[in-house]
Amino acid sequence: MSTTLAPSATRRAPAATTRGGRSVGLAWLAVPALLFFIAFAVIPLIGVLLLSFSTWDGIGEISFSGLTSWRTVLADPGLPHALWVTFLVIALSWVVQTPASILLGVFLAGRQRYRAVLSVLYFIPLLLSSAAIAITYKALLDPNFGLGAGLNIPILVQDWLGDPVLAFGVVIFVVSWQFIPFHSLIYQGGVRQIPRSMFEAAQMDGAGRIRQFFSITLPQLKYTIITSSTLMIAGSLTFFDLIFVLTAGGPADATRVLAVDMWKRGWQASLMGPASAIALILVLVGLAVALLLRRVGGGSANAGASQQEGA
Amino acid sequence: MEPRTTSRRNFLALSMGLPLGAALAACGTSGPSSPGGGATGGGGGGAGGANTTYWYITGQPQEGIRGNTLKRFNDANPNEKIKATTFQNDAYKTKIKTAIGADQAPTIIFGWGGGTLRSYVQANQVEDLTPWFEQNPQVKDRLFESAFGAATIDGKIYAMPCEGVQPIVMYYDKRAFEKIGAEPPETWGDIMDLVPKFNAKGIAPFSLGGQSRWTNMMWLEFLFDRIGGPEVFQAVFDGEKDAWNNPASIEGLTKMQELIKANGFIKGFSSITADSNADQALLYTGKAAMMLHGSWTYGSMAQDGGDFVSGGHLGYMNFPPVDGGKGDPSNTVGNPGQYLSISSKATPEQKEVAKKYFATAILSDAEIKEWIDTGAVPIVKGVDSQYATVKDAAWQQFVYGISSNAKSFAQSWDQALSPTAAEKLLDNIAKLFQLSISPQQFASNMNAVIGK
């Protein structure tokens with residue numbers, strides 16, 4: 001959560017202070033948000049920073065031990081593995097979700113009435129909690145009692161969550177299933193912002209639907225894509241609940257992303273120091289990704305535009 | 001100007017006061033009820049303002065019995081009522097650790113003894129019960145001696161053993177053995193011979209909920225014991241350097257992978273969890289022939305398995321010996337009991353109520369009867385005389401026999417070790433079962449955390 005909060009809060013602050021004479025008055029409005037940000041993001045972050053320099057089992061005395069925890073974590077081959085898995089989850093879920101969301105969003109942006117009904121239907125997965133989704137999929141994919149065995153479809157009877165490659169694929173699929181609706185909604189909004197006159201002009205020049213899509217829709221959606229991708233990537237970075245319930249990081253660490261790694265170290269292995277170090281690495285990776293995306297999106301121009309078009 | 005300022009002030013007051021207040025209130029209720037609150041307010045409480053609290057785990061039939069015992073105590077002691085909160089198993093493990101770490105533990109702490117209890121003791125979070133047991137020998141002497149091992153840290157007793165004894169046993173489906181015309185295995189060699197026969201008939205030799213990891217661990221516990229005796233793991237527990245390199249442990253790990261490579265376990269076992277009871281379902285639906293699992297699964301198989309148990313199709317035995325192994329075949333592993341500790345942060349009144357609860361309510365005659373009715377074996381000496389009349393008599397005699405005759409009753413490894421070592425162990429066991437590490441790699445990985 002803290003990684004997704006950080007950019008939006010910093011983005012909001014300059015907007016409030018640069019609006020001339022009324023800025024002092026409006027700045028007051030930021031105080032509650034700022035207080036919450038300090039209470040629930042900054043102070044815990046400082047706590048985590050301190051903990052990462054300690055060895056603590058979560059129960060007894062906290063003893064500060066310098067860089068011991070950091071050394072443990074950085075020397076552990078589990079860290080590069082977890083980073084790699086996290087990166088794969090981010091990259092693959094982006095690759096799967098973005099095209100699907102854009103196409104679905106463009107389709108749903110049409111004005112016909114049935115599309116409103118469809119967009120409500122498509123939106124349903126987002127309303128379910130990740131834990132419920134994970135439990136449902138786990139039951140459906142069970143090789144002995146699941147969908148494949150129940151309907152007698154041999155191709156569906158696979159060791160879905162027990163085979164490292166399949167389990168990874170399942171995670172990407174379920175994540176996409178859950179979040180494509182949300183991003184479709186963003187794109188639907190983005191497409192509706194595009195002036196109709198542009199399409200009408202293109203039509204007069206003889207551009208077909210596909211040409212219109214690549215020459216008008218996609219370029220006009222640039223900032224929406226950046227907004228959606230930022231949310232998607234920051235979100236995938238902190239995936240925990242879904243993966244935890246679905247595979248618990250298994251089989252044999254195949255889906256052990258950083259957040260799961262942190263939980264396992266902290267709560268299951270009672271190593272709060274190394275877990276805090278992992279948490280900080282997660283924050284740093286999140287910040288780096290967010291900054292990178294801002295770069296790619298063209299800096300300040302993006303801030304205003306995405307604020308307008310995004311969620 | 002004026003109205004705007006006031007409204008802004010109101011807005012600020014609202015925005016800060018309300019959510020913060022709500023957030024704080026939420027913190028208060030989601031945590032355990034603070035001992036102080038009861039003392040001053042006297043909520044539903046009693047004289048003396050004890051407000052003793054007790055957290056325990058949900059899941060029938062155990063939850064019902066825990067609740068009944070508590071109700072009997074509260075009815076008999078209207079002025080010293082104990083307030084209970086229940087949690088799901090895995091949620092509880094995290095919650096209790098957080099609460100103890102934050103000095104917010106309940107008065108009575110439910111647990112499994114061993115490594116976790118040791119970490120509480122090291123942090124001075126639980127009461128030393130040794131003097132109390134010395135003053136009250138009638139409480140201690142009626143319980144199984146073996147149940148106190150996991151409650152004892154450095155010679156002092158920090159927990160009251162309670163509930164039942166739960167050895168790990170080998171279950172099998174008699175119908176499956178009839179189908180292939182074979183007898184239950186008497187040695188490890190028999191197991192390996194049975195594997196291809198069952199596979200040829202389309203029955204998985206063994207059911208396993210491998211995603212839970214501790215389920216896989218039960219196999220290693222027995223293999224180590226049967227090959228090298230209880231000393232092999234004892235050396236690990238005692239923190240001896242390179243203890244996992246013992247030839248017996250390497251042999252056990254190798255045998256384990258041989259069984260996996262021979263397709264000894266049901267296809268897809270790494271995606272099956274034990275908490276959904278899917279592994280038991282595989283046995284009673286005839287998809288698997290055998291299952292190594294805790295004695296606690298008997299009750300749920302009897303409840304969910306149709307006529308599997310009542311129709312006499314379920315067979316059970318102790319883990320068979322390994323040819324040429326040194327371990328005594330009467331040895332067993334599992335949970336020698338469950339455990340209740342008293343928080344050292346509780347007030348003297350709360351501690352008194354808790355001790356009274358231990359002495360008068362835990363394993364009272366009424367509770368013993370309830371455990372027996374569910375098929376459990378309470379850790380009370382001579383309790384086997386009550387089995388003659390109950391419907392699961394044969395099963396209970398079997399469990400009582402295993403538990404009381406075992407030369408060694410080892411506590412489950414993940415409970416015996418520290419949480420740090422236990423997590424490393426479970427991780428490596430999952431990899432061993434995935435065949436992604438060799439026995440030697442397993443041993444080296446585990447040697448690295450010995451004594452941690």
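Naming convention: chains lettered A, B, ... in sequence-line order (proteins, then strands); numbering from 1 in each chain.
Heavy atoms of B:T273 lying under 4.5 Å from chain A belong exclusively to its side chain. Residue B:S436 touches chain A through its side chain alone, counting heavy-atom pairs closer than 4.5 Å. With a threshold of 4.5 angstrom between heavy atoms, B:A204 does not approach chain A through any atom at all. Contact of B:K97 with chain A is made through backbone and side chain together, with heavy-atom distances under 4.5 Å. Residue B:Q122 does not touch chain A at all, counting heavy-atom pairs closer than 4.5 Å. For A:R256, the part lying near chain B is the side chain, with the backbone staying farther off; criterion is any non-hydrogen pair under 4.5 Å. For chain B, the nearby parts of A:K264 are the backbone and the side chain; heavy atoms of each come within less than 4.5 Å. For chain A, the nearby part of B:I266 is the side chain; its heavy atoms alone come within less than 4.5 Å. Neither the backbone nor the side chain of B:S276 comes within contact range of chain A, judged by heavy atoms closer than 4.5 Å. At a 4.5 Å heavy-atom cutoff, B:L432 makes no contact with chain A through either its backbone or its side chain.
No side-chain heavy atom of A:S270 sits less than 4.5 Å from a side-chain heavy atom of B:S418. Put simply, the side chain of B:Q434 reaches to within 4.5 Å of the side chain of A:P164, judged on heavy atoms.
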Criterion side-chain contact (heavy atoms from CB on, under 4.5 Å) on B:D427 and A:Q268, from CA distance to verdict: CA-CA 11 Å; B:D427 249 4; A:Q268 284 188 325; over 6 Å; no
Steps toward side-chain contact (heavy atoms from CB on, under 4.5 Å) verdict (B:I272, A:F145): CA-CA 10 Å; B:I272 300 170; A:F145 302 104; over 6 Å; no
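Your options are A:N144, A:D142, A:L141, and the one with the most heavy-atom pairs under 4.5 Å with chain B is A:N144. When each of B:A102, B:A123, B:G268, B:G210 is checked for heavy-atom pairs under 4.5 Å with chain A, B:G268 comes out on top.
For A:E61, the CD atom is loosely surrounded, since the number of other residues' heavy atoms within 6.0 Å does not exceed 12. A 6.0 Å sphere centred on OH of B:Y92 holds more than 12 heavy atoms belonging to other residues, nucleotides or ligands.
Considering all non-hydrogen atoms of both residues, A:A269 and B:T420 come closest at O-OG1, 2.7 Å. Smallest separation of non-hydrogen atoms from B:K267 and A:V157: NZ-O, 4.1 Å. Heavy atoms only, all atoms of each residue included: A:P251 and B:S270 are closest at CB-CB, 4.4 Å.
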